Amino acid sequence: MARSTSKDAQALFNSLRSAYSATPTSLKIIDLYVGFAVFTALIQVVYMAIVGSFPFNSFLSGVLSCVGTAVLAVCLRIQVNKENKEFKDLPPERAFADFVLCNLVLHLVIMNFLG
Amino acid sequence: MADPENAKEATTLRYAFGNVLSFFILLLIGVLAFWIRLFSVIKYESVIHEFDPYFNYRVTQFLTKNGIYDFWNWFDDRTWYPLGRVIGGTVYPGLTLTAGTIWWILNSLNIPLSVETVCVFTAPIFSAFASWATYLLTKEVKGAGAGLTAAALLAMVPSYISRSVAGSYDNEAVAIFALIFTFYLYIKTLNTGSLFYATLNALAYFYMVCSWGGYTFIINLIPMHVLLCIVTGRYSSRLYIAYAPLVVLGTLLAALVPVVGFNAVMTSEHFASFLVFIIIHVVAFVYYIKGILSPKMFKVAVTLVVSVGLVVCCAVMAILIALVASSPTKGWSGRSLSLLDPTYASKYIPIIASVSEHQPPTWPSYFMDINVLAFLVPAGIIACFLPLSDASSFVVLYIVTSVYFSGVMVRLMLVLAPAACVMSGIALSESFSVFTRSIKFQLHGLSGSSQVDSGDASSSTVVAQNDAGKAEKTEDTAKERPSKKSKKKEKGIVDKPSLKAKIERRLLVLPFEASIFAILLLVLLGAFYVVHCVWAAAEAYSAPSIVLTSYSHDGGLHVFDDFREAYAWLSHNTEVDDKVASWWDYGYQTTAMANRTVIVDNNTWNNTHIATVGTAMSSPEKAAWEIFNSLDVKYVLVVFGGLVGYPSDDINKFLWMVRIGGGVFPHIKEPDYLRDGQYRIDSQATPTMLNCLMYKLSYYRFVETDGRGFDRVRQTEIGKKNFKLTHFEEVFTTHHWMVRIYKLKPPRNRIRGKTKKPRSQKTSSTTRTKRSAATKRNPWH
């Protein structure tokens with residue numbers, strides 16, 4: 001039983017790996033960026049757990065900026081992905097411009113809230 | 001061929017004409033929304049109404065005089081004496097900042113409007129904006145025809161008029177516009193999947209958070225809709241783009257507003273959005289994995305993940321539930337809890353229960369406030385299901401939740417109004433299009449197979465017609481589109497009946513006379529709605545309540561301006577630092593118009609302080625004097641309507657004073673003031689009632705008016721007629737005796753009789769011994 005599940009897990013892992021390596025490089029870069037942002041958020045949460053949450057607004061703005069850029073990068077990836085039928089007439093430059101604008105607003109708010 | 005080209009030109013011309021016509025219709029709707037709210041300015045004067053708007057007006061005055069930094073850090077010491085109030089941190093700044101900006105822009109353009117004028121007219125301007133926002137919202141859901149109808153309905157709906165007449169300078173004036181605009185941007189993002197609109201959506205949500213405490217409705221409704229879409233299988237990447245940035249940006253922006261602050265992440269009102277945030281990420285990830293794996297592998301993945309993930313999920317949920325359950329209100333604020341559980345406020349927070357706006361509405365108030373829309377809404381809900389899209393499911397959810405909340409609190413009928421207008425606009429527009437299509441069809445005679453299908457409810461849209469896939473059909477559909485936009489252009493359209501025969505989906509077509517008659521009836525319905533709205537705006541909702549009028553029997557108009565008379569007397573005849581005590585209803589008006597420090601005001605944030613004033617009003621004179629003296633009060637103000645029959649006076653509110661005071665000070669018991677459970681002030685009233693301060697201050701010298709002391713509101717003669725005041729003296733009574741101001745008598749310098757100090761045995765024994773009986777005499781006389 002355990003062997004079949006571990007074999008299944010192995011097979012699953014391999015098929016995931018092979019499917020993911022087929023994605024274009026630009027999307028992989030975006031995925032890397034998302035992973036980096038989430039990782040930074042996790043580091044901040046661990047730091048907060050060690051040191052304490054004062055000042056809370058700085059902690060909130062730090063974590064939410066990481067989460068925010070991750071979310072926006074995922075949105076960019078959705079819009080730029082060629083396999084996505086809904087966005088096939090959206091030029092990738094427009095998607096990137098929207099991404100930059102939204103990030104600008106997000107970081108303006110973060111700077112204001114950082115305290 | 002010349003024919004299709006001419007037809008194409010005709011369609012572009014019709015498009016252009018339709019667009020210009022829509023633009024002018026929208027302009028007229030905006031003007032209508034503005035003008036219908038001006039009845040109070042015409043009938044009375046350009047004055048700020050009610051109670052809360054006076055506070056907003058005072059704050060705006062401070063902002064325009066001192067600038068934004070002082071406003072942001074303002075600590076007000078002229079209210080809630082001796083506690084003060086942090087205005088910067090407890091007020092929703094959206095309204096005042098909006099009016100302040102408008103005043104500043106106008107003044108920098110050298111248009112010297114006063115702050116009061118800007119404040120009075122802010123609400124009508126923003127209601128015009130709100131009707132345009134309704135047009136945009138309904139256009140996204142159903143199309144431009146429905147949009148125009150909904151905008152016209154919202155411009156006039158009485159429930160919105162009641163909170164946004166000229167002079168009603170309250171948060172809802174701009175908040176309803178912000179609400180509808182946020183919903184429009186959300187639907188637009190959902191329909192287009194553009195991140196630009198998602199950013200705009202978050203900014204509009206920020207404006208809503210700045211303006212009104214009702215923003216929690218948005219941050220709970222949108223997650224509910226997202227959950228609904230996921231559960232009904234309508235998940236798409238556009239949904240992710242519409243929701244996820246909104247949560248992150250929205251939470252940050254909400255935390256920026258000082259009133260909300262960290263409540264944006266700590267209170268239960270926001271937890272739904274975080275929960276759905278996590279859920280949508282899980283769903284998005286699942287869809288992504290499903291997309292890149294083969295089905296067999298996906299099954300394996302599912303079994304693995306489900307077994308592991310379930311354990312983790314249960315652990316996290318257990319922690320979360322423990323955290324939430326540890327707080328007594330489960331993390332919800334008192335006001336939100338009273339919305340979810342309507343009996344909560346009357347059990348635990350009597351102040352919230354005592355506000356008249358927080359009572360449940362009666363059935364007739366639904367008809368009064370949304371009139372005809374009340375029975376157009378179900379038709380609109382059905383029309384939203386044919387076909388069901390993300391946008392129409394959102395509007396259905398909106399109307400269902402707002403109907404529930406409007407049933408809990410009459411003030412929230414205001415949130416129901418835009419939803420009802422959108423639904424009714426959709427219903428009216430759909431029925432109009434069915435009837436006009438029938439007329440158009442019947443006018444060109446019956447051709448092709450049986451199309452007369454009166455029983456079938458499948459009215460198809462233009463898209464269904466395209467499904468037949470013929471190229472010539474595009475012209476037909478292009479003709480159908482402007483006919484939906486500009487309803488006035490049905491006649492005289494060159495049609496191709498032969499194409500209609502090839503349409504696969506059956507269109508609903510009714511007999512000719514029935515359609516004409518139905519259109520006439522619909523127009524009549526609209527006419528009744530308009531008549532009712534204008535009547536409601538003119539008669540029911542335009543009263544400024546600071547000035548009262550009545551018609552004398554010879555037709556003349558009699559004006560009761562007692563409130564402003566009293567506040568003007570206070571501001572001219574008292575010192576700047578004198579403190580005035582009254583019931584909390586009049587606090588805002590006193591600080592704004594009389595410019596004196598008050599003890600309690602309409603913000604009602606401190607229940608104990610209000611209970612102190614309530615206890616003082618319910619106690620006998622000496623005890624009341626002691627309480628007021630400890631608060632440094634110099635003047636006491638009561639509102640009395642017995643001479644003229646004004647029903648909202650303090651004697652009618654007195655039981656609430658007793659209840660609130662009794663809630664904190666147990667020696668005040670409500671049954672002491674009631675005779676056999678009945679509240680009376682005549683000769684059958686209890687002695688506690690007849691001796692309390694409120695009775696004495698209201699009815700002092702009242703018997704001099706007509707010899708009998710007949711109270712016109714309670715319709716009886718008063719119980720105790722001739723009495724003197726021992727600790728207070730009357731300093732001012734207005735013309736119709738509606739506002740009475742009393743001054744606390746200072747303690748005498750020399751007290752006759754034995755003092756109660758035990759240490760001064762020698763001095764007391766040397767004082768006159770015959771005073772042993774006289775110690776019972778009142779030292780103040």
Side-chain angles (χ1 to χ4, degrees), chain A residues 4-23 31 38 53 56-57 59-61 63-72 74-79 81 83-87 90 94-110 112-113, chain B residues 189 191-203 206 236-258 261-262 264-266 274 277 280-281 284-285 287-305 307-308:
Chain A
S4 67
T5 41
S6 71
K7 249 180 47 186
D8 279 341
Q10 281 269 28
L12 176 67
F13 188 62
N14 286 331
S15 67
L16 266 178
R17 211 163 168 200
S18 59
Y20 185 67
S21 55
T23 57
D31 290 339
V38 174
S53 71
F56 194 57
N57 56 327
F59 165 67
L60 259 188
S61 59
V63 169
L64 283 177
S65 82
C66 294
V67 174
T69 50
V71 163
L72 290 176
V74 170
C75 291
L76 176 69
R77 187 191 198 275
I78 289 173
Q79 288 182 328
N81 198 356
E83 293 165 21
N84 227 331
K85 299 291 173 301
E86 285 169 352
F87 292 103
L90 184 72
R94 165 73 198 267
F96 187 68
D98 285 343
F99 170 72
V100 167
L101 173 73
C102 210
N103 263 319
L104 268 176
V105 172
L106 175 71
H107 285 98
L108 187 68
V109 177
I110 298 287
N112 199 2
F113 196 49
Chain B
T189 318
N191 281 346
T192 60
S194 149
L195 203 55
F196 172 64
Y197 281 110
T199 319
L200 286 182
N201 186 20
L203 290 175
F206 174 51
S236 65
S237 42
R238 289 172 291 118
L239 190 70
Y240 181 84
I241 295 179
Y243 183 64
L246 173 69
V247 169
V248 179
L249 258 181
T251 310
L252 268 172
L253 287 167
L256 268 185
V257 181
F262 295 146
V265 289
M266 308 240 278
F274 299 140
F277 186 65
I280 200 176
H281 273 95
F285 192 60
Y287 269 87
Y288 171 68
I289 297 287
K290 197 175 194 178
I292 64 172
L293 281 183
S294 65
K296 184 174 74 78
M297 282 284 101
F298 183 64
K299 275 209 195 53
V300 170
V302 165
T303 43
L304 258 178
V305 166
S307 49
V308 170

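Since the structure is predicted, the reported quantities are computational estimates derived from the model, not experimental observations. Each chain gets a letter, A, B and so on, in the order its sequence line appears, and its residues count up from 1.
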- line: Among A:L101, A:T23, A:V74, the residue with the most heavy-atom pairs under 4.5 Å to chain B is A:V74
For B:Y287, all residues meeting side-chain contact (heavy atoms from CB on, under 4.5 Å), sequence neighbours excluded: B:Y235, B:V283
- prompt: Between B:F206 and chain A, which part of the residue has a heavy atom less than 4.5 Å away: side chain, backbone, both or neither?
  reply: neither
query: Looking only at heavy atoms, what is the nearest atom pair of A:F87 and B:G193, with distance?
result: CE2-O, 3.3 Å
query: What pairs with A:E83 under salt bridge (charged side-chain N to carboxylate O under 4.0 Å, His left out), at least two apart in sequence or on another chain?
result: none
statement: Between B:L195 and A:Q79, the two heavy atoms sitting closest are N-NE2, 3.7 Å
field: Region of A:L106 in contact with chain B, defined by heavy-atom distances below 4.5 Å
entry: both
field: Contacting moiety of A:N57, where chain B heavy atoms sit under 4.5 Å
entry: both
- prompt: Within a reach of under 6.0 Å around CZ of A:F96, are more than 12 heavy atoms found that belong to other residues, nucleotides or ligands?
  reply: no
- prompt: How far apart are the closest heavy atoms of A:D98 and B:S194, and which atoms are they?
  reply: OD2-OG, 3.9 Å
- request: Please check if atom CZ in B:F285 has more than 12 non-hydrogen atoms from other residues, nucleotides or ligands closer than 6.0 Å.
  value: no
task: Would you mind checking which part of A:I110 comes under 4.5 Å of any heavy atom in chain B, side chain (CB onward), backbone (N, CA, C, O), both or neither?
output: side chain
- prompt: How would you list all residue pairs meeting side-chain hydrogen bond (donor to acceptor under 3.5 Å, both in side chains) that involve residues 241-251 of chain B, not counting sequence neighbours?
  reply: none
field: B:T192, part contacting chain A, at a heavy-atom distance under 4.5 Å
entry: backbone
task: Considering only heavy atoms and a distance below 4.5 Å, find which of B:L253, B:L252, B:V265, B:V247 pairs most often with chain A.
output: B:L252
Residues in residues 196-203 of chain B that sit under 4.5 Å from chain A, counting heavy atoms only: B:F196, B:T199, B:L203
message: For a 4.5 angstrom cut-off between non-hydrogen side-chain atoms, does A:V71 reach B:H281?
response: yes
query: Taking side chain as C-beta onward, heavy atoms only, is A:V67 less than 4.5 Å from B:F277?
result: yes
